[in-house]
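Worksheet: the structure to be examined is printed underneath.
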Amino acid sequence: MNFEDTQKEAAFRAEARAWLEANVPKESEMAGLDEVGRAKFWQKRKSDGGWACLTWPKQFGGRGASTIEQVIFNQEEAKFETPYMGSYFSIGQGMAAPTIMTYGSAEMQAKYLPKLASGEEIWCQLFSEPSAGSDLAALRTRAEKDGDDWIINGQKVWTTVAQYASYAILVTRTDPNVPKHKGMTYFCVDMKSPGIEVRPIKQMSGGSSFNEVYLTDVRIPDNMRLGDVGQGWRVALTTLMNERASIGGGSAGANFKSVKELAERLTIDDKPAIEDSTVRAKLASWYVEEAGLKYTEMRTLTALSRGDEPGPESSIGKLVAGVKGQDMASFAIDLLEQQGIQWDPEQDELEDAVFVSNFMSLPGLRIAGGTDEIMLNIIAERVLGLPPEPRVDKTIPFSDVPTGV
Amino acid sequence: MNFEDTQKEAAFRAEARAWLEANVPKESEMAGLDEVGRAKFWQKRKSDGGWACLTWPKQFGGRGASTIEQVIFNQEEAKFETPYMGSYFSIGQGMAAPTIMTYGSAEMQAKYLPKLASGEEIWCQLFSEPSAGSDLAALRTRAEKDGDDWIINGQKVWTTVAQYASYAILVTRTDPNVPKHKGMTYFCVDMKSPGIEVRPIKQMSGGSSFNEVYLTDVRIPDNMRLGDVGQGWRVALTTLMNERASIGGGSAGANFKSVKELAERLTIDDKPAIEDSTVRAKLASWYVEEAGLKYTEMRTLTALSRGDEPGPESSIGKLVAGVKGQDMASFAIDLLEQQGIQWDPEQDELEDAVFVSNFMSLPGLRIAGGTDEIMLNIIAERVLGLPPEPRVDKTIPFSDVPTGV
Amino acid sequence: MNFEFNDEQIFVRDVARSFLAANCPPEVVRRVLEGNEHYAADLWQQIVAQGWAATAIPEKYGGLGMSYLELVLVAEELGRVCAPVPFASSVYLATEAILLAGSEAQKEHWLPKFAEGEVIGTLAYAEKAGRTTAASLETKVENGKITGRKTTVVDAEIAQLIVVAAKSDKGDGASLYLVSLDQDGVSYESVKTIDPSMNHANIIFNGASAELLGADGEGWGLLEKILDRAAVLYAWEQLGGSETCLAMAKDHAMERYAFGRPIGSFQAIKHKLARMYVKNTLARSNAYYGAWALNTNAPELPLAAATARVGSSQAYYYSSKESIQTHGGMGFTWEVDCQFYYRRAKVLAVTIGSERVWSDKLITASDLVG
Amino acid sequence: MNFEFNDEQIFVRDVARSFLAANCPPEVVRRVLEGNEHYAADLWQQIVAQGWAATAIPEKYGGLGMSYLELVLVAEELGRVCAPVPFASSVYLATEAILLAGSEAQKEHWLPKFAEGEVIGTLAYAEKAGRTTAASLETKVENGKITGRKTTVVDAEIAQLIVVAAKSDKGDGASLYLVSLDQDGVSYESVKTIDPSMNHANIIFNGASAELLGADGEGWGLLEKILDRAAVLYAWEQLGGSETCLAMAKDHAMERYAFGRPIGSFQAIKHKLARMYVKNTLARSNAYYGAWALNTNAPELPLAAATARVGSSQAYYYSSKESIQTHGGMGFTWEVDCQFYYRRAKVLAVTIGSERVWSDKLITASDLVG
């Protein structure tokens with residue numbers, strides 16, 4: 001057990017650091033570019049230098065590096081000021097790409113993966129639907145065969161970066177007369193296809209990270225299919241396993257450090273709030289969670305570096321971080337008293353805006369990518385092996401499943 | 001909204017108080033009696049004076065009084081030092097009696113109710129079984145018809161006061177070939193019948209409040225049956241509705257008052273622990289729960305006094321009090337640090353023994369009479385009207401219900 | 001003993017409920033939340049016309065002379081619909097301040113105006129982040145002129161009159177003043193908050209005329225008494241909001257299907273809603289006791305008020321966040337109304353002091369009652 | 001980076017696990033819990049023969065010279081079975097105290113005896129209820145003779161040697177002493193606790209010989225360092241117990257049927273066990289970091305130790321009480337083993353300071369690491 005690099009790792013770290021020092025973009029190089037433009041600029045440069053998607057095979061735009069090397073590169077990159085990457089590439093690189101690597105033809109892999117790695121093409125994910133959220137397999141978007149093509153009709157929702165996306169991964173229902181998990185088929189789709197309309201969804205936090213995507217008689221050639229007809233659920237599970245690994249417990253915002261600093265600035269009964277025992281006890285419990293997640297990640301990395309696959313236990317991160325973040329934000333607002341509710345999304349210079357901003361956005365983290373309740377189910381059933389609940393919808397034809405309408 | 005007595009209530013209170021002042025037993029009157037003897041002595045005296053089971057009709061040993069009058073009597077009685085009544089009469093008077101009043105023949109009512117009121121006969125409840133706890137309707141104790149009698153075989157468990165009981169209420173399975181809720185029949189049984197064996201269960205807290213009761217070829221005449229053959233579940237529900245109303249949230253032991261007093265005695269950083277903000281915040285939250293339960297009870301009493309029936313909302317009391325008590329006890333032990341774990345059940349002079357004693361007994365409160373989880377189900381389904389879960393055991397014959405063995 | 005509202009009080013509540021269902025549907029809240037209005041002035045006019053602002057003001061000051069038992073029920077109904085009106089600041093805070101501390105002349109002058117809704121009032125004590133104490137006050141009054149800055153004052157830009165806590169050399173270190181907001185020497189800094197369906201601003205006093213309310217040097221004690229009274233009323237408004245969260249979550253859980261059945265049939269949702277019900281029920285019972293103590297001006301009022309306040313703040317936070325969670329993705333969108341309650345829950349929870357402040361007061365008050 | 005135990009360490013753990021499965025089944029715990037033994041002396045002899053007490057003692061003092069990474073894994077296994085032996089007091093407390101503060105002569109004299117299990121040690125600082133501070137100590141040493149009374153000392157009636165914190169006029173106000181318990185001037189008051197599978201007693205010193213351990217007036221600082229080190233080891237033992245609670249609850253939830261299906265298929269139980277898993281997993285990861293810090297004597301040790309300790313205390317309390325709850329009525333009986341863990345969880349959680357003490361230390365330590 002140690003935190004030092006091996007000789008090989010140290011060499012790799014030095015190489016990465018040297019490249020970063022020379023190549024992290026200067027402000028002047030990106031003048032005039034908007035957020036997505038800057039993200040693409042940086043991704044392209046990493047790709048040109050051989051530092052994109054490190055663990056992918058070289059022919060797909062990667063470097064054939066190990067997981068640990070990817071981690072080392074990330075650690076080094078985090079030490080620099082680099083453009084904000086948001087979710088522009090994480091869905092394409094983190095979810096679509098592994099699925100294409102597993103189920104795509106050689107042609108598809110050659111066509112899509114290098115442009116995913118270089119950031120030239122952004123992908124989005126057309127999975128959730130208004131009546132298929134936690135129960136994703138209840139999706140109703142129809143795909144019907146028409147010669148060599150499929151005709152798609154339906155509505156998708158909670159689609160991030162849809163407005164920037166060149167392509168999407170899409171799950172559809174091709175046979176409503178068999179049980180729900182057996183009648184689905186998985187496609188890649190060109191987002192410029194006629195019949196695709198993207199509409200932003202405004203969130204309660206004021207932002208619009210998500211979209212609705214309407215699909216009306218959208219035509220997809222059969223060679224864009226991933227996996228067999230009717231195998232869509234199985235293909236989607238590959239995607240989802242990678243989703244869970246990629247939604248981290250990100251403890252930006254209301255975290256131990258920021259709330260502790262707040263408590264050092266404020267006073268309670270004329271003493272620094274950090275001396276107050278409630279503040280200390282709560283901060284300590286949150287620290288235990290934060291540190292626990294951090295060291296759990298280190299254990300996972302160690303396992304990955306030994307060749308283990310990421311497992312369902314990564315559901316812990318989002319579950320713990322969501323509740324913790326919401327409660328910390330709420331606690332910080334309370335510490336600020338009346339003034340704590342101030343929030344001007346357009347004037348971020350307010351030094352405590354991070355707490356209200358978190359307070360308003362974290363309810364979303366507890367839902368997106370699987371609700372707390374779904375995460376607990378996953379841990380109970382897939383990690384602990386507890387038996388599933390009786391299901392009324394698994395064996396009957398999808399069209400007979402009760403929907404309440 | 002007021003807390004004063006009406007003129008009529010004030011008169012009743014004065015009458016009750018006068019009787020209590022004259023009749024609460026003196027130590028000398030009970031010399032040589034053990035705990036159960038003292039309880040019976042006091043119950044008999046109340047009965048003789050017309051102060052037992054106040055709301056029951058006079059011919060059954062009651063007084064025909066109102067619910068509020070019962071409450072007033074209880075309030076006045078609580079101001080005196082009276083013998084400890086434990087659960088000696090609460091099961092008979094609180095659960096068996098209402099069931100007999102609803103389903104029993106006139107003969108049964110005349111035979112049993114007056115002796116229940118006078119405390120001459122103690123009753124117990126033979127419902128739960130080793131494999132029928134939360135799922136009470138899974139009970140397997142068989143009753144088979146033999147002429148005018150029934151022959152009972154099976155095992156019951158969690159039976160309080162069985163060792164003192166003259167009679168019991170008993171639910172049995174008479175037909176395993178129909179769905180579980182339809183094959184049960186309800187009886188009264190003489191606890192002196194041959195074939196009944198009572199064995200105490202030792203609890204983790206060291207005490208033995210419960211028993212196992214083995215029934216081997218016990219013979220019950222058909223005229224001891226309550227309700228029709230096959231209607232046992234419906235009869236049992238009458239009993240259970242009354243059980244929930246009688247298991248209060250009793251906040252003896254680790255409660256606001258005792259933990260606050262502890263915090264006034266102890267010091268943290270050389271100041272009284274009560275000045276510590278964690279202690280204050282936790283105590284405040286617990287006070288909110290305690291006061292909330294107390295005032296909920298007052299609202300219920302007001303409703304009862306207007307003729308409303310007690311509803312499933314009384315499940316709240318035990319649910320809140322169990323978790324709160326356990327956490328308060330744990331918190332108090334922590335405040336005492338190392339010394340907090342001292343516990344000598346035989347030497348109760350230790351002033352903090354109440355906390356450890358609660359710590360060890362409260363896990364039982366969260367289970368007995370319906371687990372926390374069952375209470376939450378009851379609130380969700382019967383108070384809020386949420387739909388039940390799909391049931392695999394409701395429509396098939398009882399003998400086909402999966403049991404895992 | 002009778003621990004229930006009487007039929008006349010229930011009637012007042014039912015009328016309020018019907019009135020608000022008709023006149024304050026979610027579209028009204030949304031209009032203020034999304035628009036530039038400080039509050040729903042049309043709704044306020046209607047509410048005032050209903051006489052609600054006059055409920056607990058004695059008849060001799062132009063009020064209806066009803067009891068606080070009616071007023072708490074009106075507060076609950078306003079909370080139930082997240083009404084975007086300055087009722088709390090004008091009625092629970094300013095009116096109560098004058099009723100409690102005003103001279104006869106001040107009462108005669110102001111109370112009829114409050115009763116009629118001709119004047120809207122508010123109250124301010126906080127000047128910076130964190131818990132305010134008498135010793136921390138910097139606002140001061142010299143020769144009848146007030147200078148200082150109050151932070152995040154609720155309904156600041158709506159009110160015409162404000163009760164202000166200022167530093168004093170005497171007594172408990174503070175005095176209360178009445179300041180007309182419609183004068184030179186008063187200016188505003190607009191403040192956006194997490195709940196744009198309410199108005200908040202910083203107020204800067206720069207030599208505005210101020211009139212003493214209550215005795216000089218007794219301001220902090222008076223403020224605590226005013227806040228105790230307001231806390232009961234706030235608790236009822238918070239309880240109303242928390243009840244709506246449960247109702248919305250329950251409706252959604254009955255209608256929304258997943259895995260072939262209503263999500264309300266899953267224990268995860270069932271137990272979540274049961275916990276909301278438990279918290280709301282305990283909060284309600286504590287609010288009853290608070291109402292009784294307020295109405296009878298019982299010595300238990302400080303304890304009863306703190307208990308009601310803490311209970312309602314806890315219940316509303318839980319219900320509002322778990323209602324969003326129950327609604328899933330939709331619950332987090334702008335178009336669904338869950339957000340009104342999540343925002344309002346937090347604003348009401350800090351407006352007269354956070355849960356931690358009231359928890360602390362609760363323990364102090366419990367010493368007095370014993 | 002390699003944040004995992006190596007194969008040799010895993011081997012040590014596996015051997016310990018097999019050994020304890022064979023030699024410390026629940027019947028052994030029950031025997032001590034129900035009987036009059038202070039501890040399972042036979043099991044202790046076997047454990048000592050396995051060399052576990054010698055694990056982290058350097059070879060030159062007769063130990064095995066292995067690292068703390070082996071010792072934490074042994075601690076976890078002992079916790080897993082609730083082993084009724086004085087391992088914690090002798091190894092985590094007394095041995096560590098001498099390793100950290102002992103003179104060369106003291107080390108040479110005592111450590112081989114601890115390694116061999118020839119001597120059992122313990123440590124005492126608390127004298128009354130509540131948190132002990134240097135200033136609150138009353139025990140004192142004059143002319144090498146100690147007087148005072150220590151409360152609820154773990155394994156007091158088993159140990160032959162005790163490390164005692166006593167008042168000092170110098171430095172940080174305290175000094176540590178080694179006191180042989182096998183002498184006149186030492187007497188005991190038997191103490192029953194909620195966990196009769198462990199021994200506790202008050203010890204009264206009345207002029208017994210005491211030998212300084214470490215410098216006079218540096219005792220409190222040394223004690224804090226010893227407790228930091230012990231905290232990591234306790235955290236692992238607690239974690240082991242917490243894991244058993246989850247395993248027992250899970251097994252029961254798979255086997256026990258209600259309403260025609262395993263109770264583990266109900267979300268109420270499923271989510272309860274998932275929460276145990278989450279708490280245990282975070283506690284384990286923090287325990288890993290604590291083990292690393294202990295083993296490398298890192299400057300982060302105080303923070304890492306407090307984090308591991310708080311995490312394990314919280315996890316064990318939750319798992320032990322909810323394991324009983326999952327077992328239903330049976331879980332509350334004397335005959336089922338859930339009780340071992342519920343008792344032990346609380347005793348271990350207060351033995352070297354409660355969660356609140358360690359939470360406080362955690363924040364203090366976080367200042368130093370930044």
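Sequence lines set the chain letters: A, B, ... in the order given, protein chains first and strands last, and positions in each chain run from 1.
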Chain B heavy atoms under 4.5 Å from [X]: which part of the residue, side chain, backbone, both or neither?
X      : answer
C/S67  : neither
C/Q314 : side chain
C/N6   : neither
C/L273 : both

Determine yes or no for a side-chain-to-main-chain donor-acceptor pair under 3.5 angstrom, with [X] supplying the side chain and [Y] the backbone.
X      : Y      : result
C/R261 : B/P387 : no
C/N286 : B/V288 : yes
B/E69  : B/S66  : yes

Flag the one option from [options] with the top tally of heavy-atom pairs under 4.5 Å to chain B.
options                        : answer
C/M254, C/M276, C/R284, C/Q267 : C/Q267
C/K361, C/Q9, C/R275           : C/R275
C/D360, C/V310, C/I269         : C/D360

- Is the gap between the ring centers of B/W19 and B/F12 under 6.0 Å? no

- Task: Answer yes if the ring centres of B/Y295 and C/Y289 are under 6.0 angstrom apart, and no otherwise.
- Result: yes

- Item | salt bridge (charged side-chain N to carboxylate O under 4.0 Å, His left out) between C/D367 and B/K260, worked out | CA-CA 10 Å; C/D367 287 338; B/K260 188 179 171 207; 2.5 Å; yes

- Query: Just wondering, are more than 12 heavy atoms of other shown residues or ligands nearer than 6.0 Å to NZ in B/K257?
  - Reply: no

- Quick check: are there more than 12 heavy atoms from other residues, nucleotides or ligands sitting under 6.0 Å from CZ of C/F11?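 No.
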
- Using a strict cut-off of less than 4.0 Å between a Lys/Arg side-chain nitrogen and an Asp/Glu carboxylate oxygen, indicate whether C/E243 and C/R80 qualify as a salt bridge. no

Tell me, side chain or backbone of [X] under 4.5 Å from chain C's heavy atoms, or both, or neither?
X      : value
B/V279 : neither
B/E4   : backbone
B/I72  : neither
B/E264 : side chain
B/L283 : both

- Return the option, out of B/N377, B/D5, B/V320, B/I68, with the maximum number of heavy-atom pairs under 4.5 Å with chain C. B/N377

